[in-house]
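Side-chain atoms are counted along with the backbone in the values below, which use heavy atoms only and exclude waters and symmetry mates. Quick caveat: nothing in here was measured; it's all calculated off a predicted structure.
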Amino acid sequence: MSPPKVSIAIPLYNCASHIRATIDSVLAQTFGDFELTVIDDQSTDHSYHIASSYDDPRVRVVKNIERQGFFGNWNACLEFMTGTYCKLLPHDDPLEPTCLEKQVQVLDRHPEVELVHNARKIIDPAGNILATRRVKETSGIKDSNESLRQIVRSGTNPIGEPASVMFRRTTKDRIGGFCEADMFSIDVEYWSRLLAEGKRYYIDEVLSSFRVWPDSASVRLFGSQSRSMRGFYQRLQKRYPEAISPSDVRIGALKSSALELARGGFYVWMRWTQRGGR
């Protein structure tokens, strides 16, 4: 059989509370030519059994023989992607029904585009909407160098979390795996390498969600986030000096520190609301 149009891979570890909602969101897509590979990294809860309960030929579940860890499992996901287009989907982040359809349309129509991304919702453990994240720009094709500069000057990850991004397999095979230097910047570092290969396309429509909950990786990394981003920006400036200046790095560092303080307040509020406001 020929490879599917889209390969989706979920790196799974101890997410029994949310993995079903994530898989269900993939199976509910209006675009059906995809394969979904769930790679369980020796979960100690019921995650593997939940993922294995699906009777759909597009879904396969793989269990690592030995624990690979966060970086190892993300890179294992890349190895299973054989479709024309690829998406790494975190185990707790659901998609909107038309996400694949609209992202595939962009990549089909614009061969110069290496990645397509969209606006997304921030949701709590129950799926309630906490906020909406948008890039302050209209839908369309964006320049590569300007996009790299925008990443640094934003102080955060304006491209978005993996659920909001789709990219080409041929480019994935060319640029290699996720960098293991830092967990917080692992996705945006990968996006920067894709952008070095071509342009991006932004869809100003909410097509995915990013779930925040007390045990999520983003919450656990609080306290080291701005330091991670500063190091990433410095490495990026050395790699792409024609696109990023030292002053861009200084602006990004200041913004990342301010944004980490804001996240801290948000996490405190989230924990307070999860305890019923007590």
Side-chain angles (χ1 to χ4, degrees), residues 70-71 74-75 78 88 110 112-120 122 131 133-168 171-172 174-204 210 212 217-267:
F70 180 86
F71 297 108
W74 274 43
N75 278 317
L78 293 179
L88 185 137
H110 302 285
E112 72 275 29
V113 169
E114 291 293 349
L115 71 84
V116 55
H117 64 118
N118 53 258
R120 64 269 193 210
I122 311 301
R133 286 185 182 170
R134 281 187 154 87
V135 183
K136 294 181 180 179
E137 58 190 14
T138 58
S139 297
I141 299 176
K142 312 300 174 182
D143 177 74
S144 300
N145 280 351
E146 181 57 33
S147 296
L148 289 168
R149 184 169 179 264
Q150 184 178 344
I151 286 174
V152 173
R153 291 177 69 92
S154 70
T156 183
N157 175 7
I159 306 299
E161 301 77 25
S164 66
V165 176
M166 183 180 287
F167 50 93
R168 298 181 186 276
T171 311
K172 179 265 296 185
R174 190 164 63 248
I175 69 172
F178 289 103
C179 176
E180 299 187 9
D182 178 74
M183 186 182 293
F184 187 69
S185 63
I186 184 173
D187 49 2
V188 70
E189 193 279 338
Y190 195 78
W191 310 153
S192 73
R193 281 187 281 142
L194 289 172
L195 286 169
E197 301 291 323
K199 299 178 180 180
R200 68 178 171 91
Y201 191 107
Y202 173 60
I203 303 175
D204 191 26
F210 175 59
V212 181
S218 56
V219 175
R220 295 198 306 272
L221 288 171
F222 177 70
S224 64
Q225 295 170 345
S226 62
R227 182 174 66 252
S228 296
M229 296 306 283
R230 287 195 300 271
F232 165 62
Y233 296 153
Q234 290 166 358
R235 294 191 297 273
L236 207 61
Q237 195 274 325
K238 291 178 181 178
R239 192 184 305 165
Y240 309 114
E242 71 285 355
I244 303 165
S245 69
S247 64
D248 293 329
V249 174
R250 289 192 291 272
I251 291 170
L254 289 172
K255 286 186 177 179
S256 66
S257 296
L259 287 168
E260 183 165 37
L261 290 175
R263 285 191 205 99
F266 174 77
Y267 295 154

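- With Ser245 contributing its side chain and Asp248 its backbone, the two residues share a donor-acceptor pair below 3.5 Å.
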Take Phe232 and Asp182, measure what side chain to side chain contact (heavy atoms under 4.5 Å, CB included) needs, and give me the verdict at the end. CA-CA 8 Å; Phe232 165 62; Asp182 178 74; 6.0 Å; no
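- A distance-only check finds a donor-acceptor pair linking the side chain of Arg168 to the backbone of Val113 [under 3.5 Å].
- Under the 3.5 Å distance criterion, the side-chain polar atoms of Ser144 are matched with a main-chain donor or acceptor of Gly198.
- For the pair Glu197 and Arg193, the salt-bridge criterion is not met [side-chain N within less than 4.0 Å of a carboxylate O].
- Ring geometry for Trp74 versus Phe178: interplanar angle over 60°, hence perpendicular rather than tilted (30 to 60°).
- To the nearest 0.5 Å, the span separating CG on Asp187 from OG on Ser192 amounts to 10.0 Å.
- Atom CD1 of residue Ile159 and atom CD1 of residue Ile151 lie 4.5 Å apart, to the nearest 0.5 angstrom.
- Atom-to-atom distance recorded for Lys142:NZ and Tyr202:OH is 9.0 Å, nearest 0.5 angstrom.
- Rounded to the nearest 0.5 Å, atoms CZ (Arg230) and CZ (Arg227) are 7.5 Å apart.
- Using modelled atom types and a 3.5 Å distance limit, the side chains of Ser164 and Arg120 yield no donor-acceptor pair.
- Note that CG of Leu194 is 4.0 Å distant from CD1 of Ile175, once rounded to the nearest 0.5 Å.
- Taking a 6.0 Å sphere around NZ of Lys172, one finds it holds more than 12 heavy atoms contributed by other residues, nucleotides or ligands.
- Of the possible donor and acceptor atoms, none in the side chain of Tyr233 sits under 3.5 Å from a partner among the backbone N and O of Gly252.
- With no hydrogens or angles considered, no side-chain donor-acceptor pair links Ser154 and Thr156 at under 3.5 Å.
- Note: Phe167 and Trp191 have tilted aromatic rings, judged against thresholds of 30 and 60 degrees for the angle between ring planes.
- The salt bridge (Lys or Arg N to Asp or Glu O under 4.0 Å) test with Arg200 singles out one residue from Glu112, Glu137, Glu114, and that residue is Glu137.
- Considering only residues two or more places apart in sequence or on other chains, Asn75 meets the side-chain hydrogen bond (donor to acceptor under 3.5 Å, both in side chains) condition with none of them.
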